[in-house]
Enquirer: 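Here you go, one structure.
All heavy atoms count here, side chains included; hydrogens, waters and symmetry mates do not.
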Amino acid sequence: MPTHDVLVIGAGLAGQRAALAAAEAGASVGILSKVHPVRSHSNAAQGGINAALGEEDTWESHAFDTVKGSDYLGDQDAIEIMCKAAPQEILDLEHLGVTFHRNEQGRLGTRAFGGASAARTYYVADITGQAILHVLYEQLMKHDEIYRYEEWFNTAIVQDDGGQVAGVVARNMRDGTMELFGAKAVILACGGNGQIYNPTTNALICTGDGIALAYRAGAPLMDMEMVQYHPTTLQGNGLLITEGARGEGAHLYNAQGERFMEKYAPNKLELASRDVVSRAEQTEINEGRGFPDGTVALDITVVPRKRIHEALREIVNVGRDFAGVDITKEPIHIKPGNHYVMGGVKTNVDGQTEIPGLYAAGEVACVSVHGGNRLGANSLLDTLIFGGRSGRHAAQRAKTMAQPTASREHLEHEEQSVREIVGRDRTGRRVSEIKAELGSTMDKYAAVFRDEEGLNQALEIVRRLKEEAKTVAIDDKGSVFNQDLFGALELGYMLDNAECVVVGALERKESRGAQFRTDYPERNDDEWLKHINLTYSEDGPQISYSDVTITQWQPEARTY
């Protein structure tokens with residue numbers, strides 16, 4: 001049985017940062033991922049990473065913008081930690097070899113992002129996530145004490161008789177063998193759940209595995225109803241057009257040629273927070289001022305051509321290859337699209353969940369720095385700061401304890417479950433059919449605008465799909481890269497995630513951040529300035545509440 005002090009599930013930015021921090025603290029580390037690390041979804045992060053590093057900027061300003069952006073649902077102690085640590089994190093990354101943009105004076109240069117009162121986003125063209133991911137992977141390769149398990153699929157978290165995490169069970173995707181991994185601590189860093197929506201900007205691997213595994217193990221989830229729709233995605237396929245485009249000066253127009261953000265956010269215009277811009281776009285579309293294909297226009301031609309090719313070169317390719325548009329010469333049609341889940345596994349500022357030895361960091365987690373709405377370029381920062389803190393804390397904890405007992409009964413149970421799925425007679429629907437209905441349902445009823453009637457319909461459909469998933473058809477009976485099997489397992493994870501999103505959205509009877517209820521259109525601090533927690537039960541998610549941590553910024557009206 002492979003055994004480590006710390007086992008990290010997921011090898012994106014949060015996972016790699018956690019693994020490096022744990023190894024540097026003296027722990028033996030295993031990092032387990034269902035894809036090769038440099039193919040992780042962190043690659044998709046385009047625009048940049050925030051830090052108050054400039055002489056005129058302060059961490060307090062960054063923190064206030066983040067609190068305001070969260071619609072006052074973010075926990076301010078966690079936000080303070082993140083914003084204070086941000087400048088040194090940027091310098092550390094630069095010293096490791098991340099080739100951040102430099103301005104004409106040769107200093108690290110910034111661009112403006114939505115909801116920010118200063119230009120504090122540091123970037124590498126529009127491939128910032130990819131650039132950081134590759135540099136961290138180089139660092140990972142230097143450590144002999146970090147063992148990489150690439151293309152392994154996690155099926156369960158293992159606990160000992162006392163409830164302490166003792167490891168995981170996973171399946172080797174290359175040959176179908178299953179293995180029990182022992183660990184004193186497990187850090188979930190395996191990303192979000194965007195694939196429960198269709199379309200989405202998320203990679204196909206973002207199926208909410210870590211969120212569902214923690215939930216099934218008994219860890220509470222928090223604020224799952226807070227799902228971000230990004231203002232600029234391509235119609236049909238959901239491909240992301242970076243917020244960096246608006247940061248460079250691009251304008252939004254409706255089909256009547258009106259720069260409509262003037263009436264929704266007269267001070268910040270296109271650089272209001274993402275929830276505000278998405279609602280403005282969807283309102284224009286819903287009220288008949290969009291284009292016939294259900295979009296509005298993003299005009300990047302107002303940015304100098306040389307600057308587009310320097311700072312936005314990847315979306316030049318995206319526009320050309322996926323929309324047939326040269327963005328240097330004509331506007332491109334976009335709409336709000338699923339992008340990010342602000343909720344996730346409830347953690348403290350060191351990544352600890354309520355299960356001893358289980359940690360979470362990055363999009364899978366809800367340490368609640370994003371609250372009801374994440375500001376652009378704060379996600380990379382979240383992964384690195386809280387990935388590092390989780391790794392260090394897990395390593396220190398591991399030094400103080402003996403290896404817990406991971407019973408092989410867990411392995412035998414998982415092997416039997418997989419055999420039953422693979423051996424199933426072909427009587428049910430295909431994975432792709434159920435997934436497609438799930439995605440369209442979530443996009444229709446749990447998107448930019450929501451109401452009780454639609455959410456109840458969504459919940460009814462999701463629970464029907466959960467029943468249908470129990471008989472989903474498996475045609476591939478083999479052991480080598482059996483994507484049919486993995487699809488069935490991921491479908492179960494996605495349906496758990498979707499049920500929690502809808503239950504949380506039904507429960508929160510107000511409008512705050514990304515949750516806009518047309519039947520409760522106002523923010524209601526008296527009753528709903530609190531987190532919604534969901535805990536697994538056989539009868540569905542059980543609801544409880546926890547307080548929002550406020551340190552120095554009292555809730556006030558949120559305008560841009």
Side-chain angles (χ1 to χ4, degrees), residues 1-10 18-19 22 25-32 147 149 152-172 177-190 209-222 344-348 350-361 364-365 390-421 489 492-493 496 500 533-542 544 546:
M1 177 175 68
T3 301
H4 300 278
D5 292 330
V6 177
L7 190 62
V8 181
I9 310 299
S28 69
V29 181
I31 185 165
L32 189 152
Y147 196 90
Y149 302 93
W152 282 77
F153 188 100
N154 194 8
T155 66
I157 294 168
V158 173
Q159 296 166 260
D160 67 12
D161 293 340
Q164 154 71 37
V165 162
V168 305
V169 176
R171 177 180 170 101
N172 187 334
T177 58
M178 297 191 70
E179 185 63 85
L180 176 65
F181 291 79
K184 297 177 181 176
V186 170
I187 302 176
L188 297 170
C190 37
D209 305 11
I211 294 172
L213 286 166
Y215 174 64
R216 294 175 183 181
L221 309 182
M222 189 162 82
V345 184
K346 185 175 188 289
T347 75
N348 65 14
D350 289 315
Q352 291 180 289
T353 72
E354 294 187 9
I355 296 177
L358 183 63
Y359 294 73
V364 68
S390 299
R392 285 189 291 275
H393 195 280
Q396 294 299 329
R397 181 178 179 278
K399 291 178 181 177
T400 66
M401 59 182 289
Q403 192 74 38
T405 301
S407 169
R408 291 191 66 81
E409 290 181 3
H410 295 284
L411 174 61
E412 293 163 3
H413 177 270
E414 291 302 304
E415 287 176 329
Q416 179 60 28
S417 296
V418 167
R419 276 196 296 270
E420 289 176 3
I421 295 173
L489 295 170
Y493 297 153
D496 281 354
C500 289
N533 305 318
L534 302 173
T535 307
Y536 176 84
S537 82
E538 292 288 342
D539 300 324
Q542 299 300 298
S544 61
S546 55

Enquirer: List the residues meeting ring pair (Phe, Tyr, Trp, His ring centres under 6.0 Å) with Tyr536, not counting sequence neighbours, and say none if there are none.
Expert: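 Applying ring pair (Phe, Tyr, Trp, His ring centres under 6.0 Å) to Tyr536 gives Tyr215.
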Enquirer: Quick one: does Gln396's side chain have a donor or acceptor within less than 3.5 Å of a partner on Ala394's backbone?
Expert: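 Looks like no, no N/O pair under 3.5 Å.
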Enquirer: Kindly write out the residues that satisfy side chain to side chain donor-acceptor pair (under 3.5 Å) with Ser546, not counting sequence neighbours, or none if the list is empty.
Expert: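 With sequence neighbours excluded, Ser546 shows a side chain to side chain donor-acceptor pair (under 3.5 Å) to Asn533, given in chain and number order.
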Enquirer: First locate atom OG1 of Thr347, then atom OH of Tyr359, and finally report the distance between them rounded to the nearest 0.5 Å.
Expert: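 That separation rounds to 11.0 Å.
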Enquirer: I'd like to check Met178 versus Val169 (side-chain heavy atoms, cut-off strictly below 4.5 Å). Are they in contact?
Expert: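 They are in side-chain contact.
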Enquirer: Can you name the residues that form a side chain to side chain donor-acceptor pair (under 3.5 Å) with Gln352, not counting sequence neighbours?
Expert: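 By the side chain to side chain donor-acceptor pair (under 3.5 Å) rule, Gln352 matches Asn348.
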Enquirer: If I take atom CD1 from residue Ile9 and atom CG from residue Asp209, how far apart are they, to the nearest 0.5 angstrom?
Expert: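 Rounded to the nearest 0.5 Å, the CD1-CG separation comes to 10.5 Å.
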Enquirer: Using side chain to side chain donor-acceptor pair (under 3.5 Å) as the criterion, list what pairs up with Asn154, not counting sequence neighbours.
Expert: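 Residues passing side chain to side chain donor-acceptor pair (under 3.5 Å) with Asn154: none at all.
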Enquirer: Distance-only, no hydrogens or angles: does the Thr353 side chain make a donor-acceptor pair with backbone N or O of Leu358 under 3.5 Å?
Expert: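 Yes, because the side chain of Thr353 sits within donor-acceptor range (under 3.5 Å) of the backbone of Leu358.
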Enquirer: Between atom NZ of Lys346 and atom CG of Leu221, what is the distance when rounded to the nearest 0.5 Å?
Expert: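 Answer rounded to 0.5 Å: 11.0 Å.
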Enquirer: Tell me which donor-acceptor pairs under 3.5 Å the side chains of residues 402-413 have, and how far apart each pair is, sequence neighbours excluded?
Expert:
unit_1, atom_1, unit_2, atom_2, d
Ser407, OG, Glu409, N, 3.1
His410, NE2, Gln159, O, 3.4

Enquirer: Applying side chain to side chain donor-acceptor pair (under 3.5 Å), can you list everything that pairs with Tyr149, at least two apart in sequence or on another chain?
Expert: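 With sequence neighbours excluded, Tyr149 shows a side chain to side chain donor-acceptor pair (under 3.5 Å) to His4, given in chain and number order.
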